[in-house]
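Notes for the one structure printed next.
Scope of the values below: all heavy atoms of this structure, side chains included, with no hydrogens, waters or symmetry mates. Naming convention: chains lettered A, B, ... in sequence-line order (proteins, then strands); numbering from 1 in each chain.
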Protein chains: 4
Amino acid sequence: MSVNSFGHLFRFTTWGESHGPALGATIDGCPPGVPLDPAMIQQWLDKRRPGQNKNTTQRNEPDAVEILSGVYEGRTTGTPIQLMIRNTDQRSKDYGDILNTFRPGHADITYHQKYGLRDPRGGGRSSARETAARVAAGGVAREAITAIAPGVQITGYMVQMGEKKIDRARFDWDQISQNDFWCPDAQAAGEWEEYLTWLRKDDHNSVGAIIEVVARGVPAGIGAPVYAKLDTDLAAAMMSINAVKGVEIGEGMAAAALTGRDNADEIFMGNDGQPVYSSNHAGGILGGISTGQDVVVRFAVKPTSSILSPRKSITMDGQPIEVITKGRHDPCVGIRAVPVGEAMMACVILDHILLDRGQTGGVRGQIG
Amino acid sequence: MSVNSFGHLFRFTTWGESHGPALGATIDGCPPGVPLDPAMIQQWLDKRRPGQNKNTTQRNEPDAVEILSGVYEGRTTGTPIQLMIRNTDQRSKDYGDILNTFRPGHADITYHQKYGLRDPRGGGRSSARETAARVAAGGVAREAITAIAPGVQITGYMVQMGEKKIDRARFDWDQISQNDFWCPDAQAAGEWEEYLTWLRKDDHNSVGAIIEVVARGVPAGIGAPVYAKLDTDLAAAMMSINAVKGVEIGEGMAAAALTGRDNADEIFMGNDGQPVYSSNHAGGILGGISTGQDVVVRFAVKPTSSILSPRKSITMDGQPIEVITKGRHDPCVGIRAVPVGEAMMACVILDHILLDRGQTGGVRGQIG
Amino acid sequence: MSVNSFGHLFRFTTWGESHGPALGATIDGCPPGVPLDPAMIQQWLDKRRPGQNKNTTQRNEPDAVEILSGVYEGRTTGTPIQLMIRNTDQRSKDYGDILNTFRPGHADITYHQKYGLRDPRGGGRSSARETAARVAAGGVAREAITAIAPGVQITGYMVQMGEKKIDRARFDWDQISQNDFWCPDAQAAGEWEEYLTWLRKDDHNSVGAIIEVVARGVPAGIGAPVYAKLDTDLAAAMMSINAVKGVEIGEGMAAAALTGRDNADEIFMGNDGQPVYSSNHAGGILGGISTGQDVVVRFAVKPTSSILSPRKSITMDGQPIEVITKGRHDPCVGIRAVPVGEAMMACVILDHILLDRGQTGGVRGQIG
Amino acid sequence: MSVNSFGHLFRFTTWGESHGPALGATIDGCPPGVPLDPAMIQQWLDKRRPGQNKNTTQRNEPDAVEILSGVYEGRTTGTPIQLMIRNTDQRSKDYGDILNTFRPGHADITYHQKYGLRDPRGGGRSSARETAARVAAGGVAREAITAIAPGVQITGYMVQMGEKKIDRARFDWDQISQNDFWCPDAQAAGEWEEYLTWLRKDDHNSVGAIIEVVARGVPAGIGAPVYAKLDTDLAAAMMSINAVKGVEIGEGMAAAALTGRDNADEIFMGNDGQPVYSSNHAGGILGGISTGQDVVVRFAVKPTSSILSPRKSITMDGQPIEVITKGRHDPCVGIRAVPVGEAMMACVILDHILLDRGQTGGVRGQIG
């Protein structure tokens with residue numbers, strides 16, 4: 001049992017602190033023979049990387065990944081893959097004045113309470129910098145999926161920032177990579193940009209967001225009832241990301257307001273002899289097992305707790321203090337949560353493809 | 001790795017099908033010396049039990065639990081506890097006409113696709129009857145919590161049925177056990193009853209719901225970053241329950257709409273030398289570790305898929321068919337999901353108290 | 001993490017005490033579609049069952065196994081299989097005088113020290129009766145192996161009782177089931193019988209033994225380096241059996257005395273295009289992975305601690321006492337350890353066949 | 001589930017190949033507040049390090065360990081500890097002629113069969129170089145034990161090389177670190193040196209050995225029946241080390257030849273109110289739980305397979321070939337297995353101390 005590990009057969013352990021010498025992921029269970037080089041992983045780290053535009057933190061980390069093991073002549077060998085990312089731009093002095101202060105909304109106080117000591121530099125282990133290791137692991141998962149289950153496509157995007165939602169009628173897959181917000185609605189992206197600029201510069205504030213991640217082309221029949229359901233593992237995967245406060249599958253919380261008649265995804269036989277559905281309220285999962293439809297997960301991130309507006313707190317001595325968190329912080333962590341959510345989806349999908357092979361041999365019941 | 005098990009140190013495995021001879025939970029990791037007899041568990045099973053009123057299924061199961069191991073002279077011994085519940089009222093004939101049919105919204109089709117065969121009687125393993133085993137395990141967890149961390153109180157209740165929400169201004173803890181809906185708002189309970197009667201009798205329909213579970217008195221400092229965070233485990237726990245489509249901690253999905261200033265839970269020193277907070281947007285968890293505030297989780301259940309209104313589907317032969325699910329079914333599974341959510345909360349809290357002892361010895365960092 | 005569970009993908013949890021109402025095994029991860037009925041399991045329990053002849057304990061348990069879940073119309077469904085064996089012949093009074101006494105060589109004292117309390121009836125959880133559950137799980141594993149990897153044959157036998165070893169020159173597979181000792185050497189079996197009768201009746205003593213278990217027909221390529229090697233898991237499997245004090249693979253402890261030249265298993269190409277070896281010092285495992293040769297494991301059991309000869313000990317109050325253990329006990333537990341060792345071998349082999357499918361898809365590197 | 005990880009609560013994952021850029025251990029579950037710096041770990045790596053004398057391989061690796069995470073201002077924080085050791089002296093050309101050859105006694109052939117490809121440089125992942133990571137993890141475990149259970153002493157030594165055993169009458173703890181063989185018998189050490197020199201230089205051969213590891217001062221009551229017994233975990237720990245073919249606890253395989261009367265460890269009350277035993281046939285473990293006596297484990301390593309004498313084998317094409325393994329190899333791997341065995345003992349003991357706290361709170365049943 002390792003509390004810093006995730007996954008059943010494709011299992012990664014992340015390690016490292018925000019301002020330590022390095023961080024990374026130790027991956028166990030990647031299938032052998034998968035083509036892999038650092039560039040394949042780097043592309044996803046670049047997507048998450050800080051310092052790229054004014055809407056994300058100005059910390060400038062190259063986030064260059066090194067593969068230290070598990071690959072021979074460009075292919076995985078089935079042995080553990082160690083991915084290491086050196087920290088290079090740790091301005092720990094930014095945090096000098098909060099060594100003895102608990103920042104509201106941060107894990108400073110709970111780490112102190114649990115462990116009796118903590119690495120205060122940049123939040124130490126509780127920093128969202130940990131998610132770089134997830135993105136690296138997700139990069140490996142994507143290559144393995146390509147090798148053993150080609151046709152799966154995983155895409156994340158933001159659907160809400162603050163109270164501003166996208167208009168699903170304007171949804172455009174091609175738009176997602178065209179703006180700073182991974183937003184499929186160009187008009188919403190424009191409004192968000194304006195809003196976020198004001199929030200950051202004038203209001204000294206931050207805001208939450210909702211991210212949606214979709215996996216298309218997932219084979220029917222993966223997922224392992226009852227406590228390793230595909231949706232259960234996705235819920236855990238997303239809730240484990242920093243700042244996430246809610247996770248939804250398909251209709252999500254809105255399912256509560258529906259009736260059984262409206263919520264039914266009716267089933268038909270498709271032209272290719274595979275079942276098709278009238279709708280996808282279920283988010284591609286029934287009884288914890290994939291239906292072959294799009295697997296759809298959404299998660300909400302809270303607004304960044306580190307803001308320039310003063311907030312009341314206490315010191316380690318129990319004295320009252322007002323906290324203004326300078327440092328370099330994202331006004332909306334939702335933006336950089338997009339590649340993180342994609343990475344977790346990739347890891348879960350791969351893991352369940354492998355698990356299904358181990359459980360059933362990957363044989364499928366026929367219909368028709 | 002067992003996909004039918006849940007928990008780290010307090011780990012239970014559920015087994016059994018809806019219409020098999022029995023179902024139950026194998027519990028490993030219950031601390032020794034905890035007073036335990038069947039009646040202590042039975043009270044929670046009775047709370048979940050079907051056939052109690054017209055708002056839940058009329059299947060009449062006594063759900064009498066037997067303790068087959070792990071207890072000697074009324075106290076747990078630290079060895080595995082086997083809890084068995086005999087099935088007695090299996091009317092499999094109710095399901096005779098759907099042996100070869102995939103019911104929309106059910107796992108019939110995905111179990112068939114994954115395993116190549118399935119136990120069709122009452123949904124087999126995918127039936128919500130599995131949750132009886134969880135409730136039994138939760139009963140054990142409650143007694144262990146009482147023994148090693150007295151003061152923790154776990155309470156679940158419904159806060160929304162269909163589109164009808166409770167009014168938080170009328171919230172009354174004492175009301176919860178006074179109506180059929182575990183509803184803390186007496187007026188809402190009355191409206192729900194009227195609505196559900198109409199839905200069941202006249203509309204031949206079903207409806208979703210939202211359940212909230214609160215744990216009060218949880219010690220600060222439990223929860224294990226990064227992949228066994230308290231909120232991560234709660235998300236997995238709740239999402240693994242049948243029909244659940246969304247899980248929220250504290251503000252949940254609504255956190256997306258908040259700004260950092262509004263979302264801050266400011267910290268003060270309380271009179272007893274422990275930190276107190278101005279609010280609980282976080283739901284009692286920071287960085288995956290408990291703050292000592294109420295731990296608040298919510299989850300949405302979709303409307304029951306088994307309804308008397310016809311829905312389109314296919315047979316195992318791939319032929320089109322209209323499905324009307326007769327059987328005996330809850331028009332709103334949210335009602336019986338309340339004790340299930342409580343049980344999962346109890347298991348997670350106990351598990352993390354034990355895990356924390358194993359990780360840190362339960363020593364706490366001092367403040368002030 | 002469950003300390004009462006064994007296996008990676010084929011994972012069973014045993015539960016139950018010697019004199020409780022029942023004991024059993026909860027199996028998770030059995031592949032779907034395997035033909036299974038109680039008689040298939042019962043045959044192996046009958047092999048282990050006490051009370052069959054004068055060389056084993058006279059406790060008379062029918063050890064009738066019930067399948068409570070996971071099987072539908074005679075085939076496994078991929079869901080948990082609950083196997084229950086009722087205890088029927090618990091003469092707890094036999095143990096009345098040792099409720100407060102720690103029997104030398106037994107776990108009475110360590111269970112008391114660890115848990116603060118213990119179930120003293122027949123040794124409670126520490127009784128070798130727990131192995132009945134393993135044998136039942138092994139029975140399921142054998143059927144699954146037959147279904148997915150036909151050709152594997154697992155056979156256990158005794159090779160040493162006390163100081164008396166078999167003569168390998170007289171080894172006869174057919175002889176194994178012809179005597180009370182699962183002994184492949186008829187002459188040794190006769191000598192053992194004589195010796196054991198004297199030991200039991202006249203010497204009021206007991207004796208240790210060595211059991212060898214061989215799996216023939218195991219496919220090359222299963223086993224998972226580095227901490228789930230096939231030999232590592234076999235060592236854990238056998239050492240976890242009551243009274244076992246040593247485990248060997250292939251040459252075992254004798255490998256220490258060999259030189260590299262003598263120990264080399266030279267490799268040739270066989271007529272069927274598969275590698276063959278000049279010898280099997282390795283016991284069928286290289287680097288934790290099967291070679292395709294016979295997998296050979298041996299384990300030593302200590303002499304039964306429960307003997308009619310007085311031995312010095314203390315009571316729970318710390319007072320000195322002489323202990324004579326009456327009860328009903330095997331003078332040589334090695335006899336009944338044979339089917340237990342076979343069961344553990346079957347579980348490990350199945351587990352690794354499944355694990356290999358999950359890790360590599362079961363694809364094999366070609367030679368030649 | 002990670003097949004490259006070991007331990008329950010103190011869990012480490014090793015990664016890296018013999019000739020890759022680096023190797024290491026990712027440790028999860030080290031308690032917080034433990035003083036730790038690289039020198040504390042380095043001392044144990046130095047003990048194992050190759051190239052120190054003519055009796056071990058001449059590969060000259062400094063084996064300098066870096067701590068990349070989990071430590072802040074000289075103390076562990078409770079977060080993952082990443083230990084990295086750079087490979088610096090990889091003479092891969094030594095292996096050039098065996099890229100397509102399966103060396104007898106090595107895992108070349110089984111890795112190829114399992115994974116379809118392998119890293120042939122120095123044996124890749126199957127090289128004993130992996131054990132450097134274990135020794136590093138063991139160094140951390142030792143410091144944690146010192147912090148939370150002072151008084152535990154772990155010592156390994158060789159008791160047999162080839163057919164030459166130590167004389168227990170000459171056993172001297174102080175002698176162990178005085179010779180190249182970690183031998184407690186000075187006279188035996190002298191004989192071994194002479195023998196090994198001849199074997200290496202003149203006979204172009206290698207030889208096996210037996211190592212014994214003793215843990216003194218282990219508290220009574222640790223160990224977790226039934227499948228995480230202290231002896232079960234020790235058996236797995238030792239059998240997972242390269243070249244190990246047998247593991248014994250206490251009397252080990254010799255227990256088979258004893259009678260119950262002779263094997264009984266009789267119990268008395270000691271002067272300090274703790275139980276004492278007349279002997280330690282059990283090796284300090286009853287029913288999988290420690291008695292408070294010395295925990296004694298022994299394991300046998302086979303002779304090094306890499307020898308200068310020709311041995312028959314096949315190529316990847318299936319062609320016959322004679323193999324002479326030049327490279328740089330230990331003529332007796334037992335010598336360097338001593339610190340590896342110690343490290344595994346340290347990890348198991350720490351793990352069980354933590355697990356016991358999580359299971360029982362570390363409370364102990366009183367005697368007397």
Requested in this report: Sort out for me which of B:A107, B:G260, B:G221, B:G246 touches chain A most, counting heavy-atom pairs under 4.5 Å.
Outcome: B:G260
Report task. Report yes or no: does B:K245 contribute a side-chain atom to a donor-acceptor pair with the main-chain N or O of A:A282 at less than 3.5 Å? Result -> yes
Query raised in the report: With chain A, which of B:G116, B:G252, B:A228 has the greatest number of heavy-atom pairs at distances under 4.5 Å?
Result: B:G252
Report summary line: Max heavy-atom pairs within cutoff under 4.5 Å with chain A, candidates B:H112, B:E163, B:R364, B:K302, goes to B:H112
Query raised in the report: Stepwise, does the side chain to side chain contact (heavy atoms under 4.5 Å, CB included) test hold for A:I307 with B:T259?
Result: CA-CA 10 Å; A:I307 50 177; B:T259 69; over 6 Å; no
Report summary line: Heaviest contributor of heavy-atom pairs below 4.5 Å to chain A, chosen from B:A236, B:S126, B:G287, B:S306, is B:A236
Report summary line: Bottom line for A:I367: the part with an atom under 4.5 Å from chain B's heavy atoms is both
Requested in this report: List the atom of A:T291, the atom of B:Q113, and the distance in Å for their closest heavy-atom pair.
Outcome: O-OE1, 4.3 Å
**Report entry** Nearest non-hydrogen partners of B:K229 and A:I241, listed with the distance
**Finding:** NZ-C, 4.2 Å
Query raised in the report: Would you say A:R261's side chain and B:D203's backbone share a donor-acceptor pair under 3.5 angstrom?
Result: yes
**Report entry** Options A:D108, A:L355, A:I109, A:V244, ranked by heavy-atom pairs under 4.5 Å with chain B, top entry
**Finding:** A:I109
Query raised in the report: Where is the tightest heavy-atom contact between B:F299 and A:M253, given as atom of each residue plus distance?
Result: C-CE, 4.3 Å
Report task. Please look at B:Q160 and chain A and tell me whether the side chain, the backbone, both or neither of the residue comes under 4.5 angstrom of a heavy atom of that chain. Result -> side chain
Query - Minimal non-hydrogen separation, B:N4 against A:V226, with atom names - result: OD1-N, 3.3 Å
**Report entry** B:Y277 portion near chain A, given a 4.5 angstrom heavy-atom threshold
**Finding:** side chain
Report summary line: When the 4.5 angstrom heavy-atom criterion is applied to B:S5 and chain A, the contacting part is backbone
**Report entry** B:T13, part contacting chain A, at a heavy-atom distance under 4.5 Å
**Finding:** neither
Requested in this report: Apply ring-ring contact (aromatic ring centres under 6.0 Å, His included) to B:H106 and list each qualifying residue two or more places apart in sequence or on a separate chain.
Outcome: none
Query raised in the report: Relative to chain A, which of B:D317, B:L258, B:D231, B:T360 shows the most heavy atom pairs under 4.5 Å?
Result: B:L258
Report task. Could you look at B:T315 and say if it's the side chain, the backbone, both or neither that has a heavy atom under 4.5 Å from chain A? Result -> backbone
Query raised in the report: With respect to chain B, which residue among A:A300, A:G361, A:A256, A:S278 yields the maximal number of heavy-atom pairs within a distance under 4.5 Å?
Result: A:A256
**Report entry** Under 4.5 Å from any heavy atom of chain A - which part of B:I210
**Finding:** both
Query raised in the report: Does A:S240 reach the main-chain N or O of B:T232 with its side chain, forming a donor-acceptor pair under 3.5 Å?
Result: no
Query - Part of B:Q359 lying under 4.5 Å from any heavy atom of chain A - result: side chain
Report task. Please work out whether the ring planes of B:Y227 and A:F6 are parallel, tilted or perpendicular, with thresholds of 30° and 60°. Result -> tilted
**Report entry** chain A contact via B:M269 - which portion, at a heavy-atom distance below 4.5 Å
**Finding:** both
Report task. Report the option among A:M1, A:K165, A:R134 that has the most heavy-atom pairs separated by less than 4.5 Å from atoms of chain B. Result -> A:R134
Query raised in the report: If you draw a 6.0 Å radius around CD in A:E322, do more than 12 non-hydrogen atoms from other residues or ligands fall strictly inside?
Result: yes
Requested in this report: Examine whether an atom of B:P225 lies under 4.5 Å from a heavy atom of chain A, and if so say whether it belongs to the side chain, the backbone or both; otherwise answer neither.
Outcome: both
Query raised in the report: Out of A:G283, A:P219, A:G223, A:S2, which one racks up the most heavy-atom pairs below 4.5 Å with chain B?
Result: A:G223
Query raised in the report: With only heavy atoms counted, which part of B:M344 is less than 4.5 Å from chain A, the side chain, the backbone, both or neither?
Result: side chain
Report summary line: Okay, B:L234 and chain A: the region with an atom under 4.5 Å from a heavy atom over there is neither
Report summary line: Closest non-hydrogen atoms of B:A255 and A:P303, given as atom of the first, atom of the second and distance, are O-CD, 3.4 Å
